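A quick write-up on the structure given underneath.
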Protein chains: 2
Amino acid sequence: MNAPVGVSTTPEATRGEQSVTSDVTSDDTAAAETRPGRRSKAPATIYDIAKLAGVNPSTVSRALSKPGRINVKTEERIHAAAKELNYRLNPMARALPTGRTNTLGLLLADITNPMFFEVVRGAERAASRRGYTLILAESQESGEREAEAAERVSPSVDGLVLVTTRLGDEKIQEFAERKPLVVINRQVEGVHGIVPDLEPGIDEALAHLAELGHTALAFLSGPANSWMSRARWDALLAKAPGLGMTIVEIGPGVPTLDGGRDALSRVLASGVTAVLAYNDLMAIGLMRAAQEQGLVVPGRLSIIGFDDIFGSDFTSPQLSTIRTPLGDIGERAIRLTLELIDEYAEGTPARVDASPLPTELVVRGSTGPIQP
Amino acid sequence: MNAPVGVSTTPEATRGEQSVTSDVTSDDTAAAETRPGRRSKAPATIYDIAKLAGVNPSTVSRALSKPGRINVKTEERIHAAAKELNYRLNPMARALPTGRTNTLGLLLADITNPMFFEVVRGAERAASRRGYTLILAESQESGEREAEAAERVSPSVDGLVLVTTRLGDEKIQEFAERKPLVVINRQVEGVHGIVPDLEPGIDEALAHLAELGHTALAFLSGPANSWMSRARWDALLAKAPGLGMTIVEIGPGVPTLDGGRDALSRVLASGVTAVLAYNDLMAIGLMRAAQEQGLVVPGRLSIIGFDDIFGSDFTSPQLSTIRTPLGDIGERAIRLTLELIDEYAEGTPARVDASPLPTELVVRGSTGPIQP
DNA sequence: AGTGTTTTGGCAACCGGTTGACAAACCCGC
DNA sequence: GCGGGTTTGTCAACCGGTTGCCAAAACACT
């Protein structure tokens, strides 16, 4: 009844009224000058270029983004005009009709966690290689804020990467069906995920501890909803008994220095001689707390972290840790996201690179022979 | 001669052909369902809402962004429709006519430097409080890449913050006249800058060292084009002699662990007993190199860093350092940028908060009495 | 010279919002 | 019941690009 039907428009106003003067072969240098006003410069548009080069705006558009589509001579003229006007494309104007922003969102739980350094580096590398810009957002380890951030960022990116997300599976799946999405350090039904291969690192770590004579281990687990914490625990649980070692889980805990500190009393009470912590931050926190109590590491307690973050070799003793190939993970996540975008746009099925991303043990000073 | 003049258009195609069925008071819940297809959901637009609510799109626009402009009854109906369609505004479409993206760019030299943690945190806090989203970009300590990043990010943000930029003054001024721009840790003629007040921290540090008996100091300087490195050196140079101490500059060096390491031989050769490094990373690098040579810190060499970054208390001994209020700096930079944006848009002159951002000495273990 | 084919460039619609201008509808007091 | 002032909602232009369609121009080949 009230649907707007067949509205007719009056003729469109003339967009470019002829600017009589300004001979095309203008006074070269003088052109760029900006007189007084405040921050004057209204950036040049393709319409300005078109006028200057004496062609249609659509021709400018093509000359600039479809090399070869246009006569070489014209193309050159247009490029010259663009340079003269110091033209730069308006990404929003381009995004509107095409729906592509050439931008990817990377959501981190906590910028303050050095774990993300290499992920970001790797991601940035892969993205810029393909001409994409990354936009980083932080969720402060809160699922709610993360959902909000994803919501906010989502409309202006072509794809999303969630790093060690705190979101629930359903929420993730929901986002995944709106946009190409990849999760890092997590596996969710129907969603692409990039996870390291824990096995080699864990095998080495367990062998290393066994060799040092440890038989009673503890795992300091991370947040209860952390997929990766669970994965690490599951792997340890599966392997340790086979080597004749006992292992207990202590946690969950917050994945920070304080989370590690807070676990000390439970660690001591458990009577174990070696601890694997969910991540390096917790390992370091635990180590510092132990040292403050006068306990010597590794004499009294051997400690192993996960990830090999920046700073894990600042401590004394330096931290032994199971290194995760974070840079590769970030890089691969972006590459996969890009594949998904192509798949969505062009129908070419994404090839997913399934080669393993192995972890490895880095032996430093925080592990040692069991006290006689 | 070839200017396009007075083009007339044919009637605009009907945007919304009446979708006969779908009674407005639709089957509530059932509506959201998405059938098969690939990632189907084409997001709802204000046109969809308009159709559903039986009003004009412009009314929808106003209902959504100008509360009060529209009859309460209609507004409610529109909000209901928006909710039902799970509408979310397309930021690009909004940005195009208004020229405002509600987005700010933050350019960092190196994400890997923990110095930026708190800056980013503070900035994020201030930005999101005002409904702005931050875009982080990294320049990897290269002026060229930084210019490129600024160039790339600039068109899609309302303002820019440069943190310890490696750009030249002219380049910075150039960007500043295109967009509201604030620099952190730098002062440039005609550009707004946020810098900490070095004096208190440096005074305390010098007094502390004097008290410990040191009389021969060195400053490990950072990159040659670092304004902040120069500022720190200048302040030290101005103060040290007055306290009866000698001071030499060793540098320039790269502002990383390795930069600090590499300076060791020159430090030892200089015969000083205490060193202030351009930043904590260099200080830690130097300390570690010294310890590897069997030199005891602080016995043989006292070391002070700058900034108090994450991890500066991981070392042993823990690093004494001159703390910079990084979070406040990030926060204030964003607030100022926002003021500049308002000034530009509404002409209300920006009020700049000029209260000092004092540094302070944090005494930990890396400084001690001079060896007898 | 005449016809067929390929290039080249212009036209106008479109992406999804915002906004100035204006007219219709409503409200008011007298 | 009427003039004047407000509200409310519609119209259409606009932001700055992209792109399908098409006609004109250029080129090729008999």
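Reminder, nothing fancy here: chain letters follow the sequence lines and each chain counts from 1. Note that the coordinates shown come from a computational prediction; the quantities given were computed from them, not determined experimentally.
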Min side-chain heavy-atom separation L107(A)-T165(A) under 4.5 Å: no

Can you check the E76(A) CD to dT8(C) P distance for me, whole Å? 13 Å

Calculate the interatomic distance between K73(B) atom NZ and dA25(C) atom C1'; express it in whole Å. 18 Å

Residue met sooner reading DNA chain C from 5', once T98(A) and N71(A) are mapped to nucleotides: N71(A)

R94(A) has a side chain; which of dG16(D), dG10(C), dT18(D) sits nearest to it? dT18(D)

Within a reach of under 6.0 Å around CZ of R88(B), are more than 12 heavy atoms found that belong to other residues, nucleotides or ligands? yes

Whole Å only: how far is the CG atom of L64(B) from the P atom of dG16(C)? 15 Å

With a 4.5 Å cut-off on side-chain heavy atoms, are I341(A) and L104(A) touching? yes

First of L96(B) and K66(B) reached from the 5' end of DNA chain C, by closest nucleotide: L96(B)

Could you check whether atom CD of E151(B) has more than 12 heavy atoms from other residues, nucleotides or ligands sitting under 6.0 Å from it? yes

Of L89(A) and R69(B), the one whose closest nucleotide on DNA chain D sits nearer the 5' end is R69(B)

Side-chain atoms of S58(B) come closest, of dT18(C), dG17(D), dT19(C), to dT19(C)

Just how far, in rounded Å, is C1' of dC11(D) from OH of Y47(B)? 12 Å

Nearest of dG17(D), dG17(C), dG9(C) to any side-chain atom of T59(A)? dG9(C)

Donor/acceptor link under 3.5 angstrom from R62(A) side chain onto base of dG10(C): yes

Could you give the CD1-to-P distance, from I49(B) to dG17(C), as a whole number of Å? 8 Å

Expressed as a whole number of angstroms, how long is the span from I78(A):CD1 to dT8(C):C1'? 11 Å

Whole-Å gap separating P (dG9(C)) and CG (N56(A)): 11 Å

Which nucleotide, dG17(C), dG10(C), dT18(D), lies nearest any side-chain atom of A93(B)? dG17(C)

Nearest to the P97(A) side chain among dG16(D), dC11(D), dG17(C), which nucleotide is it? dG16(D)

In D48(A), I78(A), L64(A), the residue satisfying side chain to side chain contact (heavy atoms under 4.5 Å, CB included) with Y87(A) is L64(A)

Counting only side-chain heavy atoms from C-beta out, which of dT8(D), dG9(C), dG17(C) sits nearest to T74(A)? dG9(C)

For the pair made of CG in N102(B) and P in dG17(C), what is the distance, rounded to whole Å? 15 Å

Considering only side-chain heavy atoms of V55(A), which listed nucleotide, dG17(D), dC11(D), dG10(C), is closest? dG10(C)

Base, sugar-phosphate or nothing for S61(B)? Non-hydrogen atoms, less than 4.0 Å. base

